[in-house]
Structures are given as C-alpha cells and as structure tokens.
Amino acid sequence: MCGIVGYLGNEETSSILFESLKRLEYRGYDSFGFATIHDNKLWITKDKGKISDVVQIKLPGSIGISHTRWSTHGPPSKINAHPHTDCKNRIALVHNGIIANYLSLRNKLKERGHIFKSETDTEVLIHLIEEYYKPEDGVKLEDAVSSALNAVEGTYAITVISALEKKIVGARKESPLVLGIGNSCFYLGSDISSFLPYTNKTIPLDDFEMVVIEPESYKITDFKTGLLKDKKITKIEWNQKESSKEGFDHFMLKEIFEQPQILKIALNICEEEISKLAETIKEADNVYITATGTSLHAAMTSEYWFSKLAKLPVRVVDSSEFEEKAVLDEKTLVIGVTQSGETYDTLRAMNYAKKNNCKLASIVNIPSSTATRISDITILQGSGMEIGVAATKTFTTQLMILLRLALKLAKNNGETVSSPTMKNERCLLSKDVGDKISEIEEQLKNVPRYIEEALTQKEKIKSITEKYCINVKNFLYIGKGINYPTALEGALKFKEITYHHAEGMPAGFLKHGTISLISDDMYTIAFVPRDDRKILSNVEEIKSRGGKIIGIVSGTAKHFDETINVPRVSDIVSPLVFAPAYQLLAYYTAVALGRDIDQPRHLAKTVTVE
Ligand code: F6R
C-alpha cells in the first residue's frame, strides 16, 4: 500500500529519499514521486511504474517528501502519482488513505477557481490547504494543514512541504506515520523500515496528531485541539540483514527458509507473556479473535486449538465483518492478530471493540505499530521484517504463539477452569488429555526441526509444480477440521502469487456442489494428517470422477497422483508442518510462470485502506 518518506537535514534529500522509498517497495505500489525545496521553489519528479527501473533521482535541496502510490481513485499514471501541488505551485503533498468527502470538496474548490489536474481524491487536500494558506498574513503551513484536516472526512497519513518555509508537516488519522530522529536530521515514514539504516529512534504518531519538523526541532500537536503532545522516543532493535535477500532469488523464498530459525524465537517468547494473555482470556466472558487474510487463517486454526485443547469457545471473525457480527460488552476480550499492526480493517474492528468497552489484546509483528498502541496487552511475534508481500514466516509464528496460548489454557484447565462455558467449575485433565498435551508440547519444541525436514522436499515440490501446476489453471485445496484453515491458506498463497484460481474448502463440503468442477482443468491439493480415513474417502470421491490429486501428507497415505511428505506429527501440530510444503508449491509455480513473486500484481503488503 502507499508508502511515504520525508527527510529534513543537511544532506541532499533526493538520494536519501530514493534509498528509503526503495525500502517501502515491499508494501506494493504502482507509481512513485518526489518533491524537494530548493531556492524557494518546488522540484518535482513522478511517474508510473517501479522505482527500481530508475537509476537515481536527482533533485536539489535538503528538505523533501516522497511517495509510492497504490491506486484507489484514478488509475496508475504520471498525473495521478503523488506529490500533488496547489494552483500556485507553492505547496506539495503526498497522502496515504482515502478522503471520503472528496467529491463535494472538489466541487466547492472548483467553484472557487481551483484547477484540478488528477483524478485522485488526494488532490482536494492540497487545494484545501492552499485555501487556508496565507503566509503573507502570518498563516503558517501547519495552521493551513490543520484547518484543512478539520474539514475533511476519511483516513490519511500526509506529509506537506512549502517552497516558502523550511519545514515538513506530517499528520495522521487511521493511516500509519512515524517520525525518525537522527543526528541533526529528521525522517518521516510509513514505517520504521524506511529510515532504520539511518536511525532507530522513533516516535509513532497517533490519530489526530500533527508533527512539524524544522532544521533544529520537532513539535507534535493534536490538530483537533491544538494542544502540544509530549511523546516518548522509542528505540527499535531491528536486524539490518532482514532487508537483504542473502543469496536467495526472492525475499519470499528467504522468508520460507527462515522459518525454522524464526520459530525457535517464537518458542522462546517468555512464558509470562503467554500466561498473561491466557489469564486475560480466562477472565473474559466472551473471546473474539479478529484478523484478515493470512492472519485470519492463523486465527481460524487457533479456533480449533482453543476448542479441542482448552474446551474454550473462541469466536473468530474476519475484521472486515466484525462490526456486522460481534456482540460486545465490557466482559468481552477482543484479540487482534495482525503482523503489520496497521491493517485498516483489523484496526477498525479493534477500535470498535474499544468503543464498546472491551478489553483489547493483540498478536503483532511490528513493534510500536498502531495495534500495539491501542491494545491493553500485546504479544510481539519477533518474526523480523517480512518483505515478500505473501506472508509466510509471520503466519507460522502466529500459529506457534496461538498454539502455545491454547496449550497454556488447556493446562490451566487441569487446575481451575473458568471459561465462558464452564465458569467456576473445577475440571481435572483426564489422563488421555494430559498425555496428549505432553505429546503436543514435545512436538511443538521440535517444530523448527520438522519444518527444516519439510523444506528438504523442495526439489520434489519443484518438479511436481512443473508437471502439474503450470498448464492447469484451477485448483481446489481441501482439508478437514484443523486443516480446513490450512486449505484456505494454501489456496490464498497459491492464488496471490501464481494468479491461478485456487479455492480452499472443508473436504466434506466438496460433495455438496463443488465436485461438479472436477475435470482436466481442476486439480486438487489435499492435506492429510496421519492417514486421516475421513478425508481419504473424500479423496476417493474425487479420484473416481477422474480428478488429479496432489497429497500433502503427514503420514503414509499413498492415494495420490503425487505425494509431498512432511514429518508425521499429531493432527494438532500438522498445520505448522504443512505450511512450508504449500508455500513452496505456490512459490515454484509462480517462478515457473515468471510472476513478480515479492510484489505480486495489485497486492499490497499492508492494506491501510477500507
Ligand atoms: C497474504 C497476506 C495478507 C495479510 C492481510 C493481513 O499473504 O499477507 O492476506 O495477511 O492483509 O495483514 P496483517 O497481518 O498485517 O494484518
């Protein structure tokens, strides 16, 4: 999604902006642009396409803003690319978000003589700022920006510069913007990764905050009230190696292979953190988990874990549906699962829960992101930066954390149970369940090793994709029980990077309609843990209709046209060991098809709009 970078300091800004903006490419975009101030003039360059196709950006000046655009209003084009400027070419602005009342504002501004060049919603903002901006009467840029922001509806992170003032003004509402504090210089970025090679000192802005950065100082105010804000500087510890491919062809492949290492980190997240959230879950009358995309699939898997292991009915709701569905009160706990901590739908659901006086928790990868700041409790994933748009290592980390939580609650059940269904009852773990829990705990410790083993199948997976997945364009992914979300995630990975059609569903659902699609152009991928008899009968139903099937198997089943074997583990742990197999299946298919693996078309890493 759109990326913003600003720099004010002593160096030539355009090369710093160029390097910094490249670090935001992972978010997904279709056009880019830069604006600097020099000699009391604005210098602008922008275009459609990728920054990586440009050798360097050379603009004079040491104050500037830049942007990668992910189109919402108006197609990708040079005119629609940001920065946008006012009629007098004195001010320039970049924006991430959507201005909801742009049509009525645009009409009013046109009536007042403003000339619009683009089809974007963003352009109304710069003309509105122009309306208020009267430097000759002592109205400064920040005054005009706050007046304009108080007149618009919608979501935004913006940065604005004026040819007449040595400053950058930034502000946010429901879109991320962070300040970086360097040695005699300042940065503004959509996330910390944009400026991390230069400084790890940061202040994330909250909604309705505006920052004015000038050569020697910065000031943060609430643009609704005009009051000064006193914000703490956070120091981020981040491994720089994460932004290089380290010999892998793509970030996605590197991130798939990082999983054993990253999962060791997740296994070492301290027990107190897990216990604290487990306690909060126990104390709540109702528990919802809200998430979207891949994070939703992790949450859906955990729904089975909470119910099977801890006998706890947790409701998982897609964040974009949350307000329509959730029944909330002050005894409800809502847990947001979001790797970025900035996904619009998930933040909206979490804020809705907050308004309804719920307790808020989150499982988040990016430190200091908005989700962490609005939550009462957060578990940080520690997966490191994920650059490939398709989530891989952050997904398996979420699974690991959620399984640890469910196990913690299951063990607590052996002591005192206080759950929504069994409030204040005492229930000792039966020997069976107790044994099962120790087996699962043992397997959980070995997950990094199991994943390493699963990754050794890469050559076989590659050859299967070459034989089966290039010419056929439709795939069904089926799984049962805990592996129904595995099927959804397998299909999502496949479609997002191969652009082939893939649908995930419960294996038992297939015969209720979808089986009519089985043909030479519709293959099936089946997830089979420990020779699960029930799913094997669904597999037979497909075979008897001439359907081709690839089995991803954690056992010995041999009913398939091709089989990818992963280590034999319990059903409970199987979603973790299936992940590398279907991630690689999607990856090698996409490579063979020549797709843009790390930045698939139309996609954004962090979806910060509705
Ligand atoms: C798919 C993918 C997306 C994200 C979704 C939520 O590979 O990455 O579906 O999972 O946009 O993102 P977060 O977890 O940042 O809230």
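Atoms within a ligand are numbered from 1 in the order they appear, just like the ligands themselves.
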### Query
For Tyr26, which residues count as a side-chain hydrogen bond (donor to acceptor under 3.5 Å, both in side chains) partner, sequence neighbours excluded?
Asp191

### Task
Test ring-ring contact (aromatic ring centres under 6.0 Å, His included) on Tyr582 and Tyr477 and set out the steps.
CA-CA 10 Å; Tyr582 62 71; Tyr477 278 69; 7.4 Å; no

At less than 3.5 Å, what protein N or O atoms come close to the N or O atoms of ligand 1? Include the distances to 0.1 Å.
| from | atom 1 | to | atom 2 | distance (Å) |
| --- | --- | --- | --- | --- |
| ligand 1 | 7 (O) | Thr294 | OG1 | 3.3 |
| ligand 1 | 7 (O) | Ala391 | N | 2.9 |
| ligand 1 | 7 (O) | Lys493 | NZ | 2.9 |
| ligand 1 | 7 (O) | Glu496 | OE1 | 3.1 |
| ligand 1 | 7 (O) | Glu496 | OE2 | 2.5 |
| ligand 1 | 8 (O) | Val389 | O | 3.4 |
| ligand 1 | 9 (O) | Thr294 | N | 3.2 |
| ligand 1 | 10 (O) | Thr294 | N | 3.0 |
| ligand 1 | 12 (O) | Thr343 | OG1 | 3.3 |
| ligand 1 | 14 (O) | Ser295 | OG | 2.6 |
| ligand 1 | 14 (O) | Gln339 | N | 2.8 |
| ligand 1 | 15 (O) | Ser340 | N | 2.9 |
| ligand 1 | 15 (O) | Ser340 | OG | 2.6 |
| ligand 1 | 15 (O) | Thr343 | OG1 | 3.2 |
| ligand 1 | 16 (O) | Thr338 | OG1 | 2.7 |
| ligand 1 | 16 (O) | Thr343 | OG1 | 2.5 |

### Salt bridge flag under 4.0 Å for residues Lys276 and Glu272
no

### Under 3.5 Å side-chain donor-acceptor pair for Glu25 and Thr68
no

#### Entry: Pair Glu342, Thr370: side-chain N/O donor-acceptor within cut-off below 3.5 Å
yes

### Query
Is a donor on one side and an acceptor on the other found under 3.5 Å between the side chain of Thr294 and the backbone of Ala391?
no

